Q: 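I have a structure I would like to understand better, so I am pasting it below and will then ask my questions one at a time.
Keep in mind it's a predicted model, so treat the numbers as computed, not measured.
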Amino acid sequence: MNPTQIAQAYQYSHDFFAVKTGSPSDFADAFDPQLIDTDNVYWLNLHQLDDRESISRICQKIGLDKLSIESIFLPLRRAKVEEYPNYLFFQLHTLRNDSKDAEQTDQITFILGAHYLLSFQTNEGQHFGEVRERIEKSKGKIRNQKADFLLFRLLDALLDELFLYTNSVSDEIDRIDQRLHSQMQTDLLRSIENEKRKLINLRKVIQPIKDLLSSLESMDNNLIEAANKHYYKNLRNSCLSLLEDIEAHKQILDGLSNLYYAVQGQRMNHIMKVLTVVSSIFIPLTFIVGVYGMNFKHMPELEYTYGYYTVVGLMFALALGLLIFFMKRGWLKNE
């Protein structure tokens with residue numbers, strides 16, 4: 001992304017739409033709170049927080065508390081929501097767009113006012129492409145609603161990304177299941193544990209978002225219209241569905257892990273069974289060889305002309321008989 005265009009400002013109403021791109025310093029210099037048209041909704045989104053001075057100036061012009069401004073730049077431990085007289089301030093973690101595992105997260109800060117919404121991302125990423133398209137093409141009723149509905153759409157876009165990531169984990173689980181039933185590769189257990197770790201990290205992202213949405217749903221604040229609270233309830237229910245999916249996938253992985261060990265144990269049992277059968281065949285043969293290997297002078301069979309052939313034949317017959325016996329009992333089948 002062009003460093004001079006890491007910020008986008010949207011202004012829209014039912015019959016009007018405009019967007020500007022630039023750097024935080026551009027918006028800090030041009031922004032005048034006195035020019036805000038209360039009939040419009042304003043959305044400023046920033047993809048980086050490097051220009052701290054310009055971002056702070058924008059926040060100061062809007063009238064944000066110093067503690068809120070400071071929190072934008074601090075690492076977030078857990079999602080939080082704070083009420084102020086003129087705005088709502090909350091932060092959360094979500095997955096980065098280029099994340100291959102749930103350990104790579106993006107910290108996002110939302111500031112909701114009566115006619116505006118600010119969103120700050122710690123990393124470059126296109127989390128809200130669908131929301132931009134809705135605004136630009138006037139899809140749905142976003143252009144007829146206020147800033148709290150825009151906030152709902154942004155949070156919904158983040159949850160959609162989490163659903164997609166959960167689906168990718170589900171697809172990988174299916175592939176592991178197929179490999180487990182077709183070929184027992186040594187890296188299967190490692191793959192199972194990797195997917196488990198993804199689910200655990202994903203749950204760490206979703207659980208705080210669910211708690212935050214519960215707070216927004218139950219909050220008695222004029223910035224969130226009562227008619228729109230059911231949207232936040234739907235988002236919370238989506239988080240619950242995600243958490244249920246994660247738990248279900250984790251149980252499947254636990255089952256696959258147990259199946260892996262069971263198959264490995266079954267194979268080891270079969271190997272031990274074959275070795276036992278082989279030992280059972282050779283034990284009597286070894287006994288016969290041991291008997292006729294004794295160096296006694298007077299052994300009746302030693303002077304027998306066909307003694308050697310008789311003993312060897314007996315050994316072969318005994319071995320073959322034992323082998324047939326084991327096969328009839330089904331002890332040599334590979335189940």
Q: Could you go step by step and tell me if R197 and E195 meet the salt bridge (charged side-chain N to carboxylate O under 4.0 Å, His left out) rule?
A: CA-CA 5 Å; R197 188 174 65 252; E195 297 308 311; over 6 Å; no
Q: Is there a path of hydrophobic side-chain contacts, each under 4.5 Å between heavy atoms, that joins L322 and M327?
A: yes
Q: Restricting to ring pair (Phe, Tyr, Trp, His ring centres under 6.0 Å), what partner residues turn up for Y87, sequence neighbours left out?
A: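 Counting only residues at least two positions away or on another chain, Y87 forms a ring pair (Phe, Tyr, Trp, His ring centres under 6.0 Å) with Y84.
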Q: Within the supplied structure, the quantity of interest is the number of heavy atoms (other residues, nucleotides, ligands) at a distance under 6.0 Å from Y308 OH; does it exceed 12?
A: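 No - once you tally the heavy atoms of other residues, nucleotides and ligands closer than 6.0 Å, there are 12 at most.
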Q: Taking C-beta and beyond as the side chain, do L162 and T94 meet within less than 4.5 Å on heavy atoms?
A: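 The answer is yes; the side chains approach within 4.5 Å.
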Q: Just do the salt bridge (charged side-chain N to carboxylate O under 4.0 Å, His left out) check on E193 and R190 with the steps written out, would you?
A: CA-CA 5 Å; E193 294 303 319; R190 185 182 299 109; over 6 Å; no
Q: With side-chain contact (heavy atoms from CB on, under 4.5 Å) as the test, pick out the partner of F89 among L118, L112, I111, L67.
A: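 Testing each of L118, L112, I111, L67 against F89, the sole residue satisfying side-chain contact (heavy atoms from CB on, under 4.5 Å) is I111.
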Q: Would you check if Y232 and S214 make a side-chain contact, meaning some heavy-atom pair closer than 4.5 Å?
A: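 No; the side chains remain at least 4.5 Å from each other.
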Q: Could you walk me through whether Y10 and Y42 pass ring-ring contact (aromatic ring centres under 6.0 Å, His included), step by step?
A: CA-CA 6 Å; Y10 283 80; Y42 296 83; over 10 Å; no
Q: Distance only, no hydrogens: is a donor on one side chain within 3.5 Å (strictly under) of an acceptor on the other, for S170 and N167?
A: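 Result is no, nothing qualifies.
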Q: Within the 4.5 Å heavy-atom criterion, are L202 and K198 side-chain neighbours or not?
A: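 Not in contact.
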Q: Output yes when a side-chain donor or acceptor of H93 lies under 3.5 Å from a complementary backbone atom of L76, and no otherwise.
A: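 Yes: the side chain of H93 pairs with the backbone of L76.
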Q: Tell me, do E217 and I224 make a side-chain contact under 4.5 Å, heavy atoms counted?
A: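 Answer no - side chains too far apart.
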Q: Decide if atom CG of N258 counts as having more than 12 heavy atoms of other residues, nucleotides or ligands within a radius under 6.0 Å.
A: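 It does: N258 CG has more than 12 such atoms within range.
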Q: For atom CD of E161, is the number of surrounding heavy atoms from other residues, nucleotides or ligands below 6.0 Å larger than 12?
A: yes
Q: May I ask you to say whether K250 pairs ionically with D254, meaning some side-chain N is under 4.0 Å from a carboxylate O?
A: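 Judged by the 4.0 Å cut-off on N to carboxylate O distance, K250 and D254 do form a salt bridge.
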Q: Can you find a side-chain donor-acceptor pair between D39 and S13 that sits under 3.5 Å?
A: no
